[in-house]
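This one's a predicted model, so the numbers in the text were calculated from it and none came from an experiment.
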Amino acid sequence: MIPLDLTAFHLMSLGLGVACTMMALVWVWATAMKNAGIVDVFWAGGFLLLVLLYVFLGEGWLVRKIVLTLMVGASSLRLAWYLNQRFWREFPTEDGRYAVLRTIWTKHLHLMFLGLFLLQGTLMGVLSLPFAMVAKNPIPAFLPVEWVAMGLWLIGFLGETLADKQLQQFKANPNHQGKVCSVGLWRYSRHPNYFFEWVMWVSYFVMGLGVPGGWVTFYVPLLMLFFLTKVTGIAATEAHALKTRGEAYRRYQAETSPFIPWFPKQS
């Protein structure tokens, strides 16, 4: 057994500074465009930047660092690419979540958005602790818990990819304009993309358990669950959906599980 390496926390602190600096620069660009939605692209892609930093500075087993980079890199780049395509396809129309905030933040709008962007940068750094721990792990073999983590990650990655693809295809049909997507995975969860994103964050925590003291990252999936369900994810998305789709979305809410995929109810 090796003791908990506190330098993992030092790496995380460095990553937090990098993430906040990146988000401050994104805020400048978003302010110039008058569209805050671009922050989602950098939120998704920024985790690859952090894991590359940790892998470069960490002295862990090379094979493990390569696997970590592939896991985080694949999910980060896929989501960033998807969100980037959506952003420019809808530009200059702003994502409904941020448009709603503009109506709420009537005073000091730019500073409020700067605070929001920096909060996301801070969250990125705090959530990246499992990556730092894994990058520092010197054990030259994968432990059983790490194989479990890789399996969970694969489920999450494939599930989120499929959910995003199904939603994209639904929206691409002109006949579905203004309608609620309830096909495929969206029949069993109102937010399957968020659910499978969360599964991947659970996998990062599980992989961190391969390091003695890795249990301290238990807050990572819990914090991500809170933000996905109560703050920037489900809460904001459903408020916008109710505003734009009204009764049709209320029926969808009554019939469909909000997060964990489950069999639909009869309305």
Side-chain angles (χ1 to χ4, degrees), residues 1-26 39-81 83 117-143 145-154 156-157 160 197-225 227:
M1 297 286 287
I2 60 174
L4 174 60
D5 193 343
L6 292 179
T7 56
F9 292 88
H10 300 158
L11 282 180
M12 184 194 73
S13 298
L14 179 60
L16 191 152
V18 169
C20 286
T21 301
M22 178 188 71
M23 285 304 191
L25 295 174
V26 174
V39 71
D40 293 340
V41 179
F42 285 88
W43 160 267
F47 285 106
L48 175 58
L49 175 63
L50 295 186
V51 82
L52 288 174
L53 175 69
Y54 299 158
V55 163
F56 178 75
L57 296 177
E59 302 91 3
W61 184 39
L62 179 60
V63 176
R64 180 178 287 106
K65 293 197 295 185
I66 291 174
V67 170
L68 175 67
T69 303
L70 291 175
M71 289 169 62
V72 179
S75 60
S76 181
L77 288 178
R78 188 211 67 81
L79 184 56
W81 175 257
L83 294 174
F117 281 32
L118 292 178
L119 173 62
Q120 293 196 52
T122 301
L123 185 62
M124 288 178 66
V126 171
L127 289 172
S128 68
L129 181 57
F131 306 155
M133 285 192 162
V134 173
K136 294 285 295 180
N137 187 352
I139 300 175
F142 287 117
L143 303 175
V145 72
E146 293 178 301
W147 288 109
V148 171
M150 286 182 250
L152 281 174
W153 178 87
L154 186 61
F157 180 78
E160 187 178 25
E197 173 73 14
W198 181 69
V199 169
M200 282 190 283
W201 283 99
V202 172
S203 78
Y204 300 140
F205 159 67
V206 173
M207 194 162 189
L209 293 177
V211 181
W215 62 268
V216 300
T217 65
F218 72 92
Y219 70 87
V220 169
L222 295 179
L223 189 58
M224 180 57 72
L225 181 65
F227 273 89

Considering all heavy atoms, the nearest G46-S76 contact: N-OG, 4.3 Å

Approximate separation, where rounding is to 0.5 Å, of L11 CG and L57 CG: 6.0 Å

With sequence neighbours excluded, residues passing side-chain hydrogen bond (donor to acceptor under 3.5 Å, both in side chains) with S203: none

Heavy-atom check, side chain of M224 versus side chain of L127, under 4.5 Å: yes

L129 side chain reached by Y219 side chain, heavy atoms, under 4.5 Å: yes

Distance-minimising heavy-atom pair for A8 and A132: O-CB, 3.5 Å

Nearest-0.5 Å distance, CZ of residue F157 to CD of residue E197: 11.0 Å

Closest heavy-atom pair and its distance - T21, G17: OG1-O, 2.9 Å

Side chain to side chain contact (heavy atoms under 4.5 Å, CB included) partners of L52, counting only residues at least two apart: L48, T69

Rounded distance (nearest 0.5 Å) linking atom NZ of K65 with atom CG of N137: 11.0 Å

Under the side-chain hydrogen bond (donor to acceptor under 3.5 Å, both in side chains) test, residues paired with E146 that sit two or more places apart: R64

Sub-4.5 Å side-chain heavy-atom contact between L123 and L223: yes

G121 versus C20, closest heavy-atom pair with distance: C-SG, 3.8 Å

Closest non-hydrogen atom pair between G210 and P212, with its separation: O-CD, 3.9 Å

Nearest-0.5 Å distance, CE of residue M124 to CG of residue L16: 10.0 Å

Inter- and intrachain pairs under ring pair (Phe, Tyr, Trp, His ring centres under 6.0 Å), touching residues 47-74, at least two apart: W43-F47, F47-W201, W61-F142

Residues which pass side-chain hydrogen bond (donor to acceptor under 3.5 Å, both in side chains) with W81, listed by chain and number, not counting sequence neighbours: Q85

Side chain to side chain, V67 and M71, heavy atoms closer than 4.5 Å: yes

Closest approach of L83 to A44 (non-hydrogen atoms, all atoms of both residues): CD1-CB, 4.1 Å

Separation of L68 CG from M207 CE (nearest 0.5 Å): 6.0 Å

Test item: M133 and F9 side chains (from C-beta on) under 4.5 Å apart, heavy atoms: yes

Where at least one partner belongs to residues 204-215, residue pairs that pass side chain to side chain donor-acceptor pair (under 3.5 Å), sequence neighbours excluded: S75-Y204, W153-Y204

